[in-house]
Amino acid sequence: QIYTLQLKLDTNKDAEKKLKFELDALTQWKKNAEEELRNMRQRAQDKSDEVVSLNKTIENMNKEISQLKMQLDRVTKESDAKEKEISELTQWKKTAEMERLQLEKELKTK
């Protein structure tokens, strides 16, 4: 009877060792899985932060492009106005030159 009890005790100890080993393995697996999950969450957060940063950069660049476009439009309008003014002055000069030549011609004929 003692032998049977000793055998059961030994069997229970073996089972307990086996269960402890499995429990340790599962505990380690859980720690690894939790660490991997934390790393994945951190990478996801980093990517999210990167996207937010890129969106802000794009927004700022769009504002800058808009400002540059307005500036270009203003400069183009000024340039067009100057070209028109130059064209008008050139035409006025031609007309004045023709009138001068006409007056000189008339003075010579008198």
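Note that these values count all heavy atoms, side chains included, but never hydrogens, waters or copies made by symmetry.
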Under 3.5 Å donor-acceptor, T90 side chain and I86 backbone: yes

Gap between atom CG of L89 and atom CD of Q91 - 0.5 Å precision: 11.0 Å

Test side chain to side chain contact (heavy atoms under 4.5 Å, CB included) applied to E36 - qualifying residues, sequence neighbours left out: M40

Derivation and outcome, salt bridge (Lys or Arg N to Asp or Glu O under 4.0 Å), residues K69 and D73: CA-CA 6 Å; K69 186 180 181 320; D73 289 345; 3.3 Å; yes

Salt bridge (charged side-chain N to carboxylate O under 4.0 Å, His left out) involving D49 - partner list, sequence neighbours excluded: none

Counterpart residues, side chain to side chain contact (heavy atoms under 4.5 Å, CB included), relative to S87 (two or more places apart): none

Residue list, salt bridge (charged side-chain N to carboxylate O under 4.0 Å, His left out) with E59, at least two apart or on another chain: K63

Straight-line distance of E83 CD to T76 OG1, nearest 0.5 Å: 10.0 Å

CD (E106) with more than 12 external heavy atoms under 6.0 Å: yes

Pairwise distance CG(L72) to CD(Q67) - rounded to 0.5 angstrom: 13.5 Å

Under the salt bridge (charged side-chain N to carboxylate O under 4.0 Å, His left out) test, residues paired with E78 that sit two or more places apart: R74

Distance (rounded to the nearest 0.5 Å) between D46 CG and S53 OG: 12.0 Å

Atom pair CD (Q102) and OG1 (T95), whose distance is rounded to the nearest 0.5 Å: 13.0 Å

Donor-acceptor contacts, no H, no angles, side chain residues 17-28, under 3.5 Å, sequence neighbours left out:
unit_1: K20; atom_1: NZ; unit_2: D24; atom_2: OD2; d: 3.3
unit_1: T27; atom_1: OG1; unit_2: L23; atom_2: O; d: 2.7
unit_1: Q28; atom_1: NE2; unit_2: N32; atom_2: OD1; d: 3.0

Qualifying salt bridge (charged side-chain N to carboxylate O under 4.0 Å, His left out) pairs with a residue from residues 91-103, counting only residues at least two apart or across chains: E97-R100, R100-E104

Partners meeting salt bridge (charged side-chain N to carboxylate O under 4.0 Å, His left out) with K82 (sequence neighbours left out): none

Counterpart residues, side chain to side chain donor-acceptor pair (under 3.5 Å), relative to K47 (two or more places apart): none

Residues forming a side chain to side chain donor-acceptor pair (under 3.5 Å) with E35, sequence neighbours excluded: R38

L101 and K105, any side-chain heavy atoms less than 4.5 Å apart: no

Any residue meeting side chain to side chain contact (heavy atoms under 4.5 Å, CB included) with L68, in chain and number order, not counting sequence neighbours: E64, Q71

Qualifying residues under side chain to side chain donor-acceptor pair (under 3.5 Å), relative to D14, sequence neighbours excluded: none

